[in-house]
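Everything numeric here is computed off the predicted structure, so don't read it as measured data. A, B, ... follow the sequence lines: proteins, then strands. Residue 1 opens every chain.
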Amino acid sequence: MALTELITDCSTGKQVFRKLTANEEGARLTEGAASAAADLATTQTHAADLAIVTAKAKTDPAFAALARLVGIA
Amino acid sequence: MRAPGGWSLAERIKLVLGGATHSTPAKTLVLDEAIPNSLLASPAGQSLISSTTLGSDTASVTFSSIPATYKHLLVICQVRTTSAAAQDQLRVQFNSDTGANYDTMRLQVLSGGIGNAAVAGETSAQSLNLPGAGVARGAEAGVGQLVIANYAGTTFEKTFAAVGGFADSTIGNSILQHCASAWRNTAAINAIKLFPSAGPNFKSGSIFTLYGLN
């Protein structure tokens, strides 16, 4: 898969497509995989925390009210 | 000021609001010459610097040679990525700096609640969330904006505020993200590179518009 970058020169309005080099493409894909994994880990941590809060809220009305106040309901 | 023909500007600029009849005289609004030019033609506002609509899937979009003549920059975009996941993210680099010089504080609003994360020393700044291929509808796009304050100044390191996201039919995919991000550099910003976190491409049809603010 060839990746391209679109560059706009704001002083002239000229637009150029540039094909990424093999090294740039490899770095880009590696970085993308890493950041996607990090985002997924953050989301999973968030979901796990949410499950704990939701379980606690089922047995504690005051905690349930607090959860609603902060948008976890 | 006298306009050509010997008439004053106020005399020449008359807007007729209603026609005359036998019992109702014509109503006219006369613009007074004393109105200051600053109200008639304010130099303050928003100027389009560049706008790009992608004609094919593209890995990154770069605005280069950005003039230093504005006070602030505003990027508005409507974007979808080729990521297989439902959620992707827009990443930002300035002046071709690929070093670990970017910090982000982000607040995510999800259907199940609110989450936050602070990350430091990344090789790009986080900004707003975008839909990938995993969302329910094929023509969905995320929307958002980035405000880069005092981009041409050299006293402070550069910071920007971003907000954006998307709403999906599958509500678990919907997300809104606010970010305050920093570039550890005091140099004036002359180039902005935008790319998806996972991507690897922005989808064809995605729009990126750069404005200068005064």
| task | Assess whether side chain to side chain contact (heavy atoms under 4.5 Å, CB included) is satisfied between A/L6 and B/F208, documenting all intermediate values. | result | CA-CA 11 Å; A/L6 174 60; B/F208 302 86; over 6 Å; no
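- Considering all non-hydrogen atoms of both residues, A/C10 and B/P67 come closest at CB-CD, 4.1 Å.
- In this structure, the portion of B/L54 lying under 4.5 Å from any heavy atom of chain A is its side chain and not its backbone.
- For B/I171, the CD1 atom sits in a loose shell: 12 or fewer heavy atoms of surrounding residues, nucleotides or ligands are nearer than 6.0 Å.
- The line from OG1 of B/T98 to CD of A/E24 is 9.5 Å long, rounded to the nearest 0.5 Å.
- Using a 4.5 Å cut-off between heavy atoms, B/S51 contacts chain A through its backbone alone, with no side-chain atom that close.
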| query | Do A/E31 and B/T123 pass the side-chain hydrogen bond (donor to acceptor under 3.5 Å, both in side chains) test, and can you show the C-alpha distance, the side-chain angles, and the key distance before you say yes or no? | reply | CA-CA 9 Å; A/E31 183 184 27; B/T123 55; 2.7 Å; yes
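- Contact annotation for A/L50: only side-chain heavy atoms (C-beta onward) come within less than 4.5 Å of a heavy atom of chain B.
- Ranked by heavy-atom pairs under 4.5 Å with chain B, the first of A/A37, A/A27, A/G32, A/G13 is A/G32.
- With chain B as the partner, the residue from A/T4, A/L20, A/I7 showing the most heavy-atom pairs under 4.5 Å is A/T4.
- For chain A, the nearby part of B/S50 is the side chain; its heavy atoms alone come within less than 4.5 Å.
- The neighbour count for B/K158 NZ, taken as heavy atoms of other residues, nucleotides or ligands under 6.0 Å away, is above 12.
- Counting heavy-atom pairs under 4.5 Å between each of B/S124, B/A191, B/S197 and chain A puts B/S197 at the top.
- Neither the backbone nor the side chain of B/D88 comes within contact range of chain A; no heavy atom of the residue lies under 4.5 Å from a heavy atom of that chain.
- Closest approach of B/S64 and A/D9 over heavy atoms only: OG-CA, 3.4 Å.
- A/E5 and B/T62 share a donor-acceptor pair across their side chains, judged by distance under 3.5 Å alone.
- Heavy atoms of B/E122 lying under 4.5 Å from chain A are absent altogether.
- A/R28 places a side-chain heavy atom less than 4.5 Å from the side chain of B/P196.
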